[in-house]
Q: 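Have a look at the structure that comes next, please.
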Amino acid sequence: MAKVMVSFPDELLEKVDAEALRRATTRSALLRDAVSRELARRDPQLVRRAIDEARSLFDGVGVFDSGALIRSERDERDARDRRAPAR
């Protein structure tokens, strides 16, 4: 495992040490976990671009009425049931 030297303002290091103590862990473990979580997060700019792209794909599609879709599927199922032979 590599060791690195990192500079923190005194106030931040005090908060890190207090949190490590509260969690009954080491400063290194706390920082390692925090960095791992941060690196696992999605880049907000990439997320925004993906949302914008998805929205552009649906431009002009019109209004979607889920109730109409559900009624249509129900009516088709009921029609199939009426055509099916009795058991």
Side-chain angles (χ1 to χ4, degrees):
M1 182 176 305
K3 292 187 179 195
V4 296
M5 184 177 287
V6 181
S7 299
F8 287 99
D10 292 337
E11 307 82 43
L12 180 58
L13 189 56
E14 287 172 11
K15 290 178 182 180
V16 167
D17 288 341
E19 186 62 19
L21 181 62
R22 188 185 76 76
R23 295 183 187 197
T25 189
T26 64
R27 178 192 291 169
S28 291
L30 179 68
L31 293 174
R32 197 170 38 247
D33 291 346
V35 169
S36 293
R37 276 193 309 276
E38 180 62 25
L39 293 176
R41 288 179 53 197
R42 304 244 183 213
D43 179 347
Q45 291 175 340
L46 291 176
V47 171
R48 171 58 44 205
R49 281 198 295 264
I51 290 170
D52 291 344
E53 183 179 329
R55 283 187 175 144
S56 71
L57 292 173
F58 287 96
D59 280 349
V61 169
V63 177
F64 174 75
D65 180 8
S66 60
L69 178 63
I70 291 169
R71 283 187 293 279
S72 171
E73 288 180 352
R74 181 200 59 213
D75 293 346
E76 287 176 21
R77 183 191 64 237
D78 290 348
R80 276 194 314 270
D81 290 348
R82 283 192 297 275
R83 289 190 306 264
R87 297 180 199 186

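We're numbering straight along the sequence, starting at 1. All values reported here derive from a predicted model rather than from experimental measurement.
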Q: Could you grab the distance from atom CG of D81 to atom CZ of R74, nearest 0.5 Å is fine?
A: 12.5 Å
Q: If you measure from CD on E76 to CG on D78, what distance do you get to the nearest 0.5 Å?
A: 10.5 Å
Q: Applying a strict under-4.5 Å side-chain criterion to I, L, V, M, F, W and Y, I'd like to know whether V16 and M5 cluster together.
A: no
Q: How many angstroms lie between atom CD of E19 and atom CG of L21, to the nearest 0.5 angstrom?
A: 9.5 Å
Q: Is it true that D52 and R48 make a salt bridge, defined as a side-chain N closer than 4.0 Å to a carboxylate O?
A: yes
Q: For a quick test of reading the model, state the closest non-hydrogen atom pair linking L57 to V61 and the distance between them.
A: O-CG2, 4.2 Å
Q: Output yes when a side-chain donor or acceptor of S36 lies under 3.5 Å from a complementary backbone atom of R32, and no otherwise.
A: yes
Q: Would you say V35 ends up clustered with V6 if hydrophobic residues are merged whenever their side chains have heavy atoms under 4.5 Å apart, either directly or through other cluster members?
A: no
Q: Could you grab the distance from atom CG of D33 to atom CD of E38, nearest 0.5 Å is fine?
A: 13.5 Å
Q: Between atom OG of S72 and atom CZ of R77, what is the distance when rounded to the nearest 0.5 Å?
A: 11.0 Å
Q: Give a yes or no on whether R42 atom CZ has more than 12 heavy-atom contacts from other residues, nucleotides or ligands under 6.0 Å away.
A: no
Q: Quick one: closest heavy-atom pair of R49 and L46, and the distance?
A: NH2-CD2, 2.8 Å
Q: Spell out, yes or no, whether L12 and L31 are grouped together once hydrophobic residues are joined by side-chain heavy atoms under 4.5 Å, including indirect joins.
A: yes
Q: In Å and rounded to the nearest 0.5 Å, what is the CG to CZ distance from L30 to R22?
A: 9.5 Å
